[in-house]
Amino acid sequence: MSNCERNKKLLLELVRRPENRRCADCGAADPDWASYKLGVFLCLNCSGIHRSLSSKVKSIKLDFWEDELVEFMKSNGNASAQALYEKAVPPYYYRPQHTDHVVLREQWIRAKYERMEFTGQTKYPPLPYTTGFYEGMLWKKGKENTQFLKRKFVLSEREFTLTYYNKENESKGPKAVISIKDLNATFQPERIGHPHGMQITYQVDSHTRNLYVYHDSPEEIVTWYNAIRAARYAYLKTAYPTGSDKELIPKITRNYLKEGYMEKTGPLQTESFKKRWFILDSQNRKLFYFKGQLDAEELGVIFIGTESNGYSVHECVPKHARGNKWNCGVMVETPERQFVFMCEQESEQREWLDALRQVLSRPMAPNLVTNSRNTLQNLSR
């Protein structure tokens, strides 16, 4: 066996160890790259981010490994690196997964290895996470148009509010004071058309209001995201004082289970089908629909209960299809009515059916049973 083959075999044995079986940064299974500067095993995507930061990476299987580099990997590994670089990660700080947008994964990697935010030995984490107050300018989309304008935002953990102003002159008062109670933030670069695009969602009376914002700095937008998460975490600790981190952390912010266009008909199922943008919020068991994917407010919302409560989801072929361009049907039945939607492709139909059934199969929390009776189902639009 040649020296090259022996080293490759040693590396493959190292990456099969339990602590190295997943990417050190995003958790993707079966990493086949490594940073020989940090001693960690990485997936292809994260290795590309490391390379862009001038870190030294090699393919485990394709590159030549010198003996001293293999020994370095052997004496380090993912567990050792995480014990150092993730020693003091705050519980609210979002740890990106391999499915998350690149801006989150890149800033997580920069925060760990470049800015050394979580070693517990520096001034980090940054003040926005620890003081409970953050302010700055974000580009915000207009409610009735597609123009983005700079707006001042102020986050206050003490007041549990996010405030924004239409003008830089605060003496004229805020445009909106948003309660942290029902606020959610999620990255939406494709929909917003900017790599750092973020959607902020909150409740206004019986409606959901969406804000679409971005910042030109990737570090700044991720700082805003984690500052919002820090404030949300503080609110949840106050609202649920006996709740454990295991229970509360998943409630801080959430990504939506499924999004996309479907065609929708009216309650009689004889009305013309109209193309609508749908968002499935699995945590609140709600299927929202909008006229367009960057609308500020929904046209309607459908609560998704459980089968034992009279809800079901299945494929369908509409009896009276009129105006539809798509042919793959999905029917959602609630105690009040049937909703018929059309997907463009069978793959989309399967994804929607799987996502809706996933929500149906989960037990319904007592507070959501009450909420389901009060959910507005705007059936006329």
Got a second to check how far [X]'s [atom1] is from [Y]'s [atom2], nearest 0.5 Å?
| X | Y | atom1 | atom2 | value |
| --- | --- | --- | --- | --- |
| L353 | C343 | CG | SG | 7.0 Å |
| T186 | I228 | OG1 | CD1 | 11.0 Å |
| Q147 | K140 | CD | NZ | 10.5 Å |
| F278 | E263 | CZ | CD | 10.0 Å |
| R105 | C23 | CZ | SG | 9.0 Å |
| M198 | L211 | CE | CG | 9.5 Å |

Just so I know, are the side chains of [X] and [Y] near enough to count as touching, which here means a heavy-atom distance under 4.5 Å?
| X | Y | result |
| --- | --- | --- |
| K141 | V213 | no |
| I279 | Y289 | no |
| M364 | R285 | yes |
| S35 | L42 | yes |
| C26 | N45 | no |
| E68 | M73 | no |
| D67 | N7 | yes |
| H196 | H215 | no |

*Hey, which of N166, V154, T163 is the one that makes side chain to side chain contact (heavy atoms under 4.5 Å, CB included) with P174?*
T163

*Full working for ring-ring contact (aromatic ring centres under 6.0 Å, His included) between F118 and Y93*: CA-CA 10 Å; F118 311 123; Y93 193 98; 4.8 Å; yes

Hydrogens and angles aside, do [X] and [Y] bring a side-chain donor and acceptor to less than 3.5 Å of each other?
| X | Y | answer |
| --- | --- | --- |
| T161 | S156 | no |
| E297 | T208 | no |
| Y235 | S179 | no |
| Q283 | R362 | no |
| T201 | Q199 | yes |
| Y202 | N210 | no |
| D25 | Y113 | yes |

*Between W277 and Y261, what is the ring plane arrangement, given parallel below 30°, perpendicular above 60°, and tilted in between?*
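Perpendicular.
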
May I ask you to decide if [Y]'s main-chain N or O and [X]'s side chain share a donor-acceptor pair within less than 3.5 Å?
| X | Y | result |
| --- | --- | --- |
| N309 | G305 | no |
| H194 | Y214 | no |
| Y212 | D295 | yes |
| T334 | R337 | yes |
| R22 | A28 | no |
| D32 | I60 | no |
| R276 | K264 | no |
| R232 | I180 | yes |
| W139 | D216 | no |
| K8 | K61 | yes |

Same apolar cluster: [X] and [Y], side chain cutoff 4.5 Å:
| X | Y | result |
| --- | --- | --- |
| L53 | Y85 | yes |
| V57 | F41 | no |
| V330 | F303 | yes |
| Y92 | L183 | yes |
| F72 | W33 | no |

*Does K181 make a cation-pi contact with F160 (under 6.0 Å, within 45 degrees of the axis)?*
no

*Is the cationic atom of K56 (NZ for Lys, CZ for Arg) positioned less than 6.0 Å from the six-membered ring centroid of Y36 and within 45 degrees of its normal?*
no

*Residues Q188, E259; criterion side-chain hydrogen bond (donor to acceptor under 3.5 Å, both in side chains); working and verdict*: CA-CA 11 Å; Q188 297 284 3; E259 298 177 278; 3.2 Å; yes

*Just wondering, more than 12 heavy atoms not from F64 lying within 6.0 Å of its CZ?*
yes

*Is it true that atom NZ of K58 has more than 12 heavy atoms of other residues, nucleotides or ligands lying nearer than 6.0 Å?*
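Count over threshold, so yes.
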
*Stepwise, does the side-chain hydrogen bond (donor to acceptor under 3.5 Å, both in side chains) test hold for E333 with H314?*
CA-CA 9 Å; E333 295 194 57; H314 52 84; 2.9 Å; yes

*Where do F341 and W352 land on the ring-ring contact (aromatic ring centres under 6.0 Å, His included) test, with the steps shown first?*
CA-CA 10 Å; F341 311 120; W352 276 111; 8.0 Å; no

*Charged N to carboxylate O below 4.0 Å: is that the case for R110 and E106?*
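Salt bridge flag = yes for E106 with R110.
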
*Indicate yes or no: does K325 engage E344 in a salt bridge with an N to O separation below 4.0 Å.*
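Salt bridge: no.
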
*Where is the tightest heavy-atom contact between Q349 and G329, given as atom of each residue plus distance?*
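Nearest heavy atoms, Q349 then G329: NE2-O, 2.8 Å.
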
*Go through the steps to decide whether L11 and K74 satisfy the test side chain to side chain contact (heavy atoms under 4.5 Å, CB included), and finish with yes or no.*
CA-CA 8 Å; L11 286 168; K74 187 176 180 180; over 6 Å; no

*Quick one: which residue pairs count as a salt bridge (charged side-chain N to carboxylate O under 4.0 Å, His left out) with a foot in residues 247-258, not counting sequence neighbours?*
R254-D281, K258-E348, K258-E351

*Does anything in residues 86-103 pair up under salt bridge (charged side-chain N to carboxylate O under 4.0 Å, His left out), and if so which pairs, sequence neighbours excluded?*
E86-R95, E86-K112

*Kindly determine whether Y225 and Y94 satisfy ring-ring contact (aromatic ring centres under 6.0 Å, His included), including the steps that lead there.*
CA-CA 9 Å; Y225 178 65; Y94 187 73; 5.8 Å; yes

